[in-house]
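Data first, discussion second: the structure below is written as structure tokens.
Numbers restart at 1 for each chain; the letters A, B, ... are given by sequence-line order, proteins then strands.
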Amino acid sequence: MSPTRLPARPGEVIDRDRPLDFTWNGRQVSGFAGDTIVSALAAGGCRVFSRSMKYHRPRGILTADFWDPNTLVQVGDEPNVRGGHRLLEAGMQVTAQNAWPSLRFDAKALTALGGRALSAGFYYKTFMRPRRLWPLYEKVLARFAPGGVIDPDSAPRRHEKRYAHPDVVVAGGGPAGLAAATAAARAGARVLLVEHEHAPGGHLRWGTKRERALGAAVADAARTVGVEILTDATLVGRWEDNWLAIVERDGAGGPERLVKARAKVLVAAPGLIERPYVFAGNDRPGVMLSQGARRLLNLWSVRPGDRAVVWSANTAGDAAAADLEVAGVAVEHVDARAGHTVVAAEGRRGRLERVVLSDGTRLEADLLVTAAGWTAPTSLLNMAGVRPVYDAAAARFFPAPPGAPEAGTVLSTGGVSGDGSLDELVGHGEATGRLAAARAATLAHRLQGATAWAAPASGAEPPFPTDERTPLGRDPHPELYRSSTDGIVDLSEDVSSRDLRHGAAEGFDSVELVKRWTTATMGSAQGKLETVNTVAVLAEATASTVAEVGTTTWRPPYAPVTLGALAGRMFEPVRVSVLHDLHVAAGMTPIGAGQWIRPEHYGDPQAEVRNVRANVGIIDVSPLGKLDIRGPDATELLSLLYVNKWRRLAVGSVRYGVMCAEDGVILDDGVTGRLGEDHYLMSTTSSGAGTMEVWIQNWLQTEHPDWRVRVTPVTDAFTSVNVAGPRSRTLLERLVDGVDLDPEAFKYMQVRLGAVAGVAGCVMWRIGFTGELSYELHVPAGYGPHVWQALLDAGADLGVAPFGLEAQRIMRLEKGHFIVGQDTDALTKAPTAGLKSLIKLDKEDFTGLPELRWALEGEPGAGGPEALPRLVAVQPTDPSYVPPEACQIVATGPDGKEQIVGRITSSRFSPTLERSICLAQVEATHASPETALTVVGTDGRRHRAVAMPHHAHFDPAGERLRG
Amino acid sequence: MAGDGSGASPAQPIRSRRVRTRYPARYSAASLLWRGKRPWPRIWDSGDLGSSYDAVVIGGGVHGLATAYYLASNWGITNVAVVDKGYLGGGGSGRNTAIVRSNYLTPDGVAFYDRSVQLYERLAVDLNLNVMFARRGHLTLAHSDGALRTMRWRAEVNKHQGVDSDVIGPAEIKRLVPALDTSDAPRYPILGALHHPPGGIIRHDAVVWGYARAAAALGVEMHQNTEVLDIDVAGGGGPEGKGPGGRVTGVRTNRGDISAPVVVNCTAGWASLVAAMAGVRLPISTHPLQAAVTEPVKMFLPAVVVSGSLHVYVSQTDRGELVFGAAVDPLATYDTGGSLAFAEELAGHVLQLMPGLERMRLLRQWSGLCDMTPDYSPIIGPTPVAGFHCDVGWGTYGFKAAPVAGEQLAACIAGGQVPELIEPFTLSRFAEGRLVGEKGAAAVGH
Amino acid sequence: MLLVPCPNCGPRNSADLTLVGESEPRPDPAATTPVEWRSYLYEEDNPAGWTRETWYCRLGCGRFFVTERHRAENRFRNPPLGPSGEPPGRT
């Protein structure tokens, strides 16, 4: 390696007073602040940065920027870092990727073999037999996978997102983009400008002295008028209504940030990307694009070679030749416009030695600079629905036909829209900025009156401004895509023009097919360097034109974005009841139940069950969904929602109800109490609280908007505590005021309003999910901890203790109460759950009525209730065997084969009965009481069990809860 | 000729007749070396569009091509045209995340997909093209008691059907996929997983090309850029004689009219539009399904990992890229522009599972159109219009079913009767109210 | 992310709302037939063009409203209507 850093030059972006040491493949090297990894390494004489994916050919600098396919490196534990873009930092540990076995070793055998058998898609044509060896082949293929190394154990960092609120967003900070931003801001718009590079200015930054000065001036003007400029940031995607995603990189490799914005108008000014030329040896280190050479020279003062051939078809190439000469490089200028073409770049050991021209001339050189033309990165415009149009005379795609005005809220300016002098580009940018600001103003006026509550903007809406800009011209340019020789079209994927031609001949003759067959354009630059050459080679192979073949769809993101930036911080709410701290202090074992964290138990759920059955226990049931329903039509609403009847429910009573969807499938269940003539408190399942509120609103608003009824979610307004057990009445008698707890005065399935522990406004339901005498207290939420503690204190001598979800689940299973979503599933209709007597088919209407009628009464040509499975209580013959939930129940079918006839939906060991108990869904033919059932354990063993006559394993008559 | 498969008046069923495929050039390691740099013969050829075929298959995706292939290879019906408005495999076939598995929930679903996995396993040999089926193993993570119960339900049904699945705990999950965070630190910790060793990934384009090449070698014609504009139906009860009770007579395309007694709708997200041309209304809503791929890194993810609760599935390809998918977009639309919200949510969920991946970069995202049915199960077989068959409603899981769907639908068309494997999935189940309960296994079950 | 015109809140990100589905009248439950009812339950027009659909302003005002959207181009037309199809009122 020989150093190639030139003495200090005007315009360079490095700070020679700040040297930075870093390592490259373990070796100590250094550069300056302002260097990229690649410029620092190139300054030290490095020419080979990676090896190619398939053939492991050495690769050097091509573009010296973000899109360079050859200079992806590993930095510490970060893979695939763009070495041509990432700024150097002290202490960076940089290693080459795809360097198997090493950067220096020239895997010649592999390359030679590649010439024969490793054609595109070769893997589809072999390794089919023997089938059992394929996993081995696959491992070998996987060794060829490109890319760096990820450390799954690396520590996560914090990522933040930002919402920006600009009127106009300009993508691209070249001269036209800067001019557009400045003009839009001067017209009164809030403007955000997004620049991909580390500083605004576009190609002016590595241009002549005059160009650099102009670039600085337009950037200053933009800042002065208040344009917000994001550098090292990329507008990566545009979706409906100008919803934009911008990724802001931290030049030093810190966390990226995602900026989201809803722009009124988007101005795309991405400039142009230089296109490589395809010829034999075009991937050899030393073959560089004109922009790459100029960037190295003028930004970082790195001399890219000693003896150069500059093959140029345009002024950018000519400028590169001039720059190289100034830097003391011997330059042979070959003019493509005069018909001279490069046919080969020859050399050995990863070094360029000579360039062969179409007339047979051989020129000694260690640097070949090509300037073959441009690709218009129309991605953002494509995402807005604009289809690029090819112009053969200018040899590139444009967003629109010549002179076509741009409609809507996405505009373009700069190189992507046309060519011109610097003054013309700036002028077009300014006109674009003014148009963008005017269109944004019209939209702002329109939005002003869009909400129901805001006053419309004063005055008539200004007309949507038409596009009256003078279009940019189009410079003629020769169509230069492939020479007479074959070369690499996609350097990331190692796809050659021969691969593409053969693919087309094999039948992959559209751009999408050949892309999939060869993987061309699928690499790190996602086609920015490769697509147009792919299209051109395909056009040549199919005897058509570039315009006929057309281009592929550009897909977001425009530049890759880290998962961390996209994810941002995690916002997953955790809900806890107001009693949570008390549960923690009591030593609860928590369990997640949807968003809620609840006590599963406080140490011993079986003991908690025994205590409730013998004494009294209290459980926090605050997550239970609660809806306050008021109005003259409240009863009508309940009749519509539930399968059972509500008109005759007395004030002061509660009733259990089941709701079904329109297909008759059970949606939710719970009790609802009538607190007043037109006032109910409805409870839903905890998991169904949110969806049931929406379900009810949907019926009210879309089917019965005339009903006078208001539904208010009050789940969080109450702390709900169930006091259960034979001593619950005794306990409450010590704390309740204003309610007669005498069993004759406050019966099972009644509701009372009163005070508990001095807290007025409590709702008390006498219900019994656990099967014991029990009262459910709904206490104004803020007083929850007070009431909870009062219950524990007042009942100490009664043996009161808290119990958790697990004890409740055991007790409800002992009682045979089903849980919606566990004992029922997405196809479980109400009759399955033993609700036949609850369903009132003589009601005028309720949700799911027709399906339930057919299910119960039968429909022509289909089965009645016998066709539906049944929910039954099941007890294994072996009382100690608890079949895991979801175990299958099988029976021998008519064909002699074992068939699934049901499954265990709930199972527990019952401390009360001292045996295993289950609920199960089984086919009706196996649901009769005393039916012998076979349960298959998870280990495959068969266990005998029997269907029970009642859902309740314990106290089927319900004497305890009525006591 | 083929029966119409409507079941109403079964035509004389055709006996299964296996045909040996003769390729213009067989693929093998030896032929690769022998041929060297010379190009290969065309993988399929498309001549002029004919005016009459025994069957027209609408949709040149993997389902349409498989149906055509099995019609030709299993039943000797080779006078078949596959027409596609774009290029072969350009829809869902080329946009899916290429996961193959059979760990479904219902016995009907398990039997069906198990047959598909069997066909996939020998597809490379059957089609003489390496479809690169990699049996990586497939993990469906559970983050709640309820999810764990569903996993066990699936495992138990799978075992009963002879399919290899089991529920495993966090320690075993960590052993299989060390990159997963199996601690209780995440908001929704991993409580267990359904482990399905036969599941894996496959090269989706290769399956498309393999079927197309094999079908073409048997005489089936592929017509790309051929858009069906209308379907001719006679004798139906609806306008223009279309709809229930009618019989299909042909299709009209942008390249000319075709007469055919059998027309097969294999158009996935566009299924409703094609069925409407025959006067058939479907229980289908079209939703985009998005997917994304990262830049490649060296292999670290040995299995396919799915989390239903977090709406994400991820696998690493042979090329080193991570391929991600999620649930379908909630917004019904034919627009495939995708969304930023998808990428954001996806990344968030992936990092909940594997926090160490935050420096990996998303390289590309895309969408395909899915034909969602109310019960997350397909619609396959005859319709109320005689001769008009559907192989649609595949939602997000169509790719993994293509071989069996093609095989069985071909049998249905040729044999005149609905085969047992697809009987649960006919269109008539909706009018008869007997839906399939696959939602739990299919919703994000890739 | 497209903007959905809520009659009350104005244009909002679609993630703030829920598409309920195609607006279809509910058959009379007393007189309906299985075929008609299940067509209402399951079948969709699912056009790649204009369709009337119901939206729910989930994170906004909580209103259900009917509007017309072009399902291929994701554009809305007409002022959105109230839940029963009436013009929006101002509240």
Side-chain angles (χ1 to χ4, degrees), chain A residues 78-80 116-117 122-129 131 138 141-142 145-154 156-157 237 239 243 245 502 505-507 510 512-513 516 524 526 555-557 560-564 566-567 570 572 592 821-822 825-827 862 884-888 900 903 936, chain B residues 27-29 32-33 36-37 39-40 42-44 87 90 94 107 124-125 129-130 134 144 146 149 152-153 156-157 160 178-179 187 205-206 295-300 318-320 337 339-340 343-344 347-348 350-352 354-366 432 435 437 439:
Chain A
E78 184 180 5
N80 303 325
R116 274 190 83 74
F122 75 93
Y123 29 75
Y124 298 125
K125 292 175 178 157
T126 182
F127 306 138
M128 280 144 329
R129 283 177 193 277
R131 269 162 57 192
E138 202 203 351
L141 280 181
V149 177
I150 194 83
D151 173 13
D153 295 324
S154 62
R157 299 168 301 175
W239 291 272
W243 181 238
H502 284 192
E506 221 169 315
S510 73
E512 291 290 351
L513 282 173
R516 287 164 182 278
S524 59
Q526 287 288 291
R555 295 195 162 108
V561 187
T562 57
L563 297 182
L566 287 167
M570 191 189 70
E572 289 275 5
Q822 173 170 343
D825 57 58
L827 294 183
E885 288 167 354
C887 277
Q888 301 295 299
I900 293 172
R903 71 178 194 282
V936 184
Chain B
Y27 292 159
S28 69
L32 265 174
L33 283 170
K37 294 185 181 182
W40 291 71
R42 289 183 71 87
I43 189 163
W44 63 74
Y87 60 98
V125 171
L129 188 143
N130 193 349
S144 70
R149 199 178 298 118
R152 197 177 298 118
W153 184 357
E156 294 308 310
V157 174
H160 181 266
R187 171 67 185 86
D205 291 332
E295 292 182 346
V297 292
K298 301 296 183 223
M299 208 45 126
F300 73 94
D318 291 339
R319 289 161 50 82
S339 68
L340 174 62
E344 295 180 272
V350 168
L351 293 186
Q352 283 190 53
M354 296 181 271
L357 304 193
E358 59 155 64
R359 291 170 186 272
M360 286 199 74
R361 292 183 185 82
L362 197 83
L363 191 57
R364 180 173 70 247
Q365 68 178 92
W366 67 91
E432 293 162 9
L435 272 58
K439 194 166 181 171

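For A:Y123, the side chain to side chain donor-acceptor pair (under 3.5 Å) criterion is met by no residue, not counting sequence neighbours. Applying the side-chain contact (heavy atoms from CB on, under 4.5 Å) rule to A:P156 yields the partners B:P355, B:E358; only residues at least two apart in sequence or on another chain are considered.
For a residue to count as touching a neighbouring chain, one of its non-hydrogen atoms must lie under 4.5 Å from one of that chain's; by this rule B:L351 touches chain A with the side chain only. For chain B, the nearby part of A:L827 is the side chain; its heavy atoms alone come within less than 4.5 Å. At a 4.5 Å heavy-atom cutoff, B:M354 makes no contact with chain A through either its backbone or its side chain.
A:K125 NZ to B:L129 CG: the interatomic distance, rounded to the nearest 0.5 Å, is 8.5 Å.
With respect to chain B, the highest number of heavy-atom pairs below 4.5 Å among A:P557, A:A245, A:G821 belongs to A:P557. Ranked by heavy-atom pairs shorter than 4.5 Å toward chain A, the options B:A206, B:G348, B:G94, B:P178 are led by B:G94. Counting heavy-atom pairs closer than 4.5 Å to chain B, the top-ranked of the candidates A:M570, A:R903, A:E78 is A:R903. Heavy-atom pairs under 4.5 Å with chain B were tallied for A:P556, A:G564, A:P79; the largest tally goes to A:P556. Of the residues considered (B:Q365, B:M299, B:R149), B:R149 shows the highest number of contacts with chain A, using heavy-atom pairs under 4.5 Å. For the set A:R516, A:Q822, A:E572, A:Q888, the count of heavy-atom pairs under 4.5 angstrom toward chain B peaks at A:R516. In terms of heavy-atom pairs under 4.5 Å with chain A, the best-connected choice from B:Q352, B:R359, B:E156, B:E295 is B:R359.
Counting heavy atoms from C-beta outward, A:I150 and B:M360 have side chains that approach closer than 4.5 Å.
Contact detail for B:A343 and A:L566: the closest heavy-atom pair is O-CB, 4.0 Å. Pairing each heavy atom of B:L32 with each of A:F122, the nearest pair is CD1-O, 3.7 Å. Considering all non-hydrogen atoms of both residues, A:G147 and B:K298 come closest at O-NZ, 3.2 Å. Between B:G356 and A:S154, the shortest heavy-atom distance links the atoms O-OG, 3.4 Å. Between A:E512 and B:Y87, the closest heavy-atom pair is CB-CZ, 3.2 Å. Minimum heavy-atom separation, B:P296 to A:P146: CB-O, 3.5 Å.
Judged by distance alone, with hydrogens and angles left aside, the side-chain atoms of B:R152 form a donor-acceptor pair with the main-chain N or O of A:E885 at under 3.5 Å.
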_side-chain contact (heavy atoms from CB on, under 4.5 Å) evaluation trace for A:N80 with B:R361_ = CA-CA 9 Å; A:N80 303 325; B:R361 292 183 185 82; 4.1 Å; yes

